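Residue indices begin at 1 and follow the sequence shown. Predicted model, so just to flag it, every value in this text is computed and none were measured.
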Amino acid sequence: MEGFVKILRKMFRNPVSIAGITLVLLFIAIAIFAPLLAPPAYNPYMMPQSGLSAVPQPPSPQHIFGTTQGQYDIYYGVIWGTRTALKVGIVVIGLALVIGIFIGTVAAYFGGWVDELLMRITDIFLAFPFFVGVIVVITIIGPGITNVMWALVIFYWMTYARLIRGSTLEVKENQYVMAAIALGTPGTRIITRHLLPNSIYPVIIQASMDMATIPLTAAALSFLGLGAPVGYADWGQLASFARNWIVTPTGGNPFQYWYTIFFPSITIVLYALGWNLLGDTLRDILDPRMLI
């Protein structure tokens, strides 16, 4: 408990950390209070339409961020898209962490043929280009947010497995671990009481960074038409709706429809910035090599 308090004190003394925490808490609050900020009509994750016109409409009292082509409300998409981004990040990273930590820790603790087998399986998955592999899986099982999350989990646990294995191998050489093994302490107790608590920090740092990366990858898949269905509240889909209107091909004002790309893109940038700043701070605090 005392160590946790020290970490919090260090985090709140760093202006960069405060900025990251503020942005992350802001997006978490938006996700939690989405029903109040943008009351849903029926399905909360489907953006409401105010018409069928292909021409976006500028911000107005009815649509404060304007509308996309097809008259989807941008403000609603940004608000509920925040909940989508957090949901994707938490589910994908949570499942990938469980798989990666289990495989990496077991491989490092038992060593020998167990380590060799598990690491070769990991290498097989690492041999596939990440984005291409995800697209192939989605093509096989079909598009949709749930399928996107499963595809991301399949090709993302290897990073955590490698990290936790390397860190566990270092901790395993400490005298207190070797003494516990010599005393005949059960393996599960050694792993849960000695190895994991002292080797988990690099994984925590990586996971905080990935909270920005994974939702952006899901947004990119939606932009390509492989993620959320049409009309789903997703930042990538908002960007996809805006791609024909970023620069107006005719007329005197080339940026007449600036709002179609500005609001989704600034939201994506701030979301990624918040988690990256938080991850950098955690690295500076938790990684002992940064203190040398």
Side-chain angles (χ1 to χ4, degrees), residues 1-40 44-45 47 64-65 73-98 101 145 148-149 152-153 156 159-160 200-220 222 228 232-239 259 261-287 290:
M1 185 65 180
E2 183 179 351
F4 180 71
V5 173
K6 288 182 179 179
I7 291 174
L8 287 180
R9 287 176 180 173
K10 290 180 180 180
M11 291 179 69
F12 283 99
R13 287 175 185 169
N14 188 339
V16 174
S17 172
I18 293 174
I21 292 172
T22 301
L23 287 172
V24 169
L25 290 178
L26 173 63
F27 281 103
I28 292 174
I30 291 174
I32 293 173
F33 297 107
L36 299 177
L37 297 172
Y45 287 99
M47 293 181 287
I64 58 175
F65 286 178
D73 188 85
I74 297 175
Y75 171 77
Y76 190 97
V78 167
I79 297 297
W80 283 90
T82 302
R83 182 174 284 196
T84 300
L86 284 172
K87 179 177 70 175
V88 170
I90 292 171
V91 171
V92 172
I93 293 172
L95 291 175
L97 275 174
V98 171
I101 289 175
I145 288 294
V148 166
M149 290 191 287
L152 290 172
V153 170
Y156 214 79
T159 302
Y160 301 129
I200 197 70
Y201 297 115
V203 179
I204 294 175
I205 296 167
Q206 183 63 44
S208 66
M209 297 286 194
D210 292 340
M211 277 298 294
T213 305
I214 290 297
L216 297 190
T217 304
S222 293
Y232 198 89
D234 178 80
W235 296 336
Q237 187 156 172
L238 287 176
Y259 50 89
I261 192 61
F262 174 78
F263 293 112
S265 61
I266 196 64
T267 305
I268 292 171
V269 169
L270 292 176
Y271 181 87
L273 179 63
W275 283 108
N276 281 313
L277 291 178
L278 182 59
D280 284 339
T281 304
L282 289 175
R283 181 196 59 194
D284 295 342
I285 294 173
L286 299 178
D287 191 346
M290 300 297 296

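- Inter-residue side-chain proximity for Ser265 and Trp235 is flagged as unmet; no heavy-atom pair is nearer than 4.5 Å.
- Aromatic ring pairs are classed by plane angle as parallel below 30°, tilted from 30° to 60° and perpendicular above 60°; the pair Phe65 and Phe263 is parallel.
- Atoms OG1 and CG, from Thr82 and Leu26 in turn, are 8.5 Å apart once rounded to the nearest 0.5 Å.
- Put simply, CZ on Arg83 and CD1 on Ile30 are 12.0 Å apart, with the number rounded to the nearest 0.5 Å.
- Atom CG of Leu23 and atom CD1 of Ile18 lie 12.0 Å apart (nearest 0.5 Å).
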Legend entry - Pair Ile214-Met149, side chain to side chain contact (heavy atoms under 4.5 Å, CB included): steps then yes or no: CA-CA 9 Å; Ile214 290 297; Met149 290 191 287; over 6 Å; no
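- Val88 places none of its side-chain heavy atoms less than 4.5 Å from the side chain of Val148.
- Tested against Tyr156 for a side chain to side chain contact (heavy atoms under 4.5 Å, CB included), the candidates Leu97, Thr213, Thr217 yield a single pass: Thr213.
- Applying the ring pair (Phe, Tyr, Trp, His ring centres under 6.0 Å) rule to Phe262 yields the partners Trp258; only residues at least two apart in sequence or on another chain are considered.
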Inset, instruction - Determine, stepwise, if the pair Asp280 / Met209 fulfils side chain to side chain contact (heavy atoms under 4.5 Å, CB included). - result: CA-CA 8 Å; Asp280 284 339; Met209 297 286 194; 3.0 Å; yes
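- Closest of all the heavy-atom pairs between Leu277 and Ala19 is CD1-CB, 4.1 Å.
- With sequence neighbours excluded, no residue forms a salt bridge (Lys or Arg N to Asp or Glu O under 4.0 Å) with Asp210.
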Inset, instruction - Report the C-alpha separation of Tyr271 and Ile268 in whole Å, then their side-chain angles, then the decisive distance to 0.1 Å, and conclude whether the side chain to side chain contact (heavy atoms under 4.5 Å, CB included) test is met. - result: CA-CA 5 Å; Tyr271 181 87; Ile268 292 171; 5.8 Å; no
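- With values rounded to the nearest 0.5 angstrom, Leu278 atom CG is found 9.0 Å from Leu25 atom CG.
- Closest non-hydrogen pair, Leu238 versus Ile74, comes out as CD1-O, 4.1 Å.
- Put simply, CG on Leu37 and CD1 on Ile32 are 11.0 Å apart, with the number rounded to the nearest 0.5 Å.
- Aromatic rings from Trp275 and Phe27 are positioned such that their centres are separated by 6.0 Å or more.
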Inset, instruction - Could you give me the CA-CA distance, side-chain angles and deciding distance for Ile200 and Ile101, then say whether side chain to side chain contact (heavy atoms under 4.5 Å, CB included) is met? - result: CA-CA 9 Å; Ile200 197 70; Ile101 289 175; 3.5 Å; yes
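- No side-chain N or O of Thr84 forms a donor-acceptor pair with one of Asp234 less than 3.5 Å apart.
- Take Tyr45 and apply the ring pair (Phe, Tyr, Trp, His ring centres under 6.0 Å) test, not counting sequence neighbours, and it matches Trp80, Tyr232.
- Between Ile90 and Met211, some side-chain heavy-atom pair lies under the 4.5 Å cut-off.
- Inter-residue side-chain proximity for Pro44 and Tyr76 is flagged as met; some heavy-atom pair is nearer than 4.5 Å.
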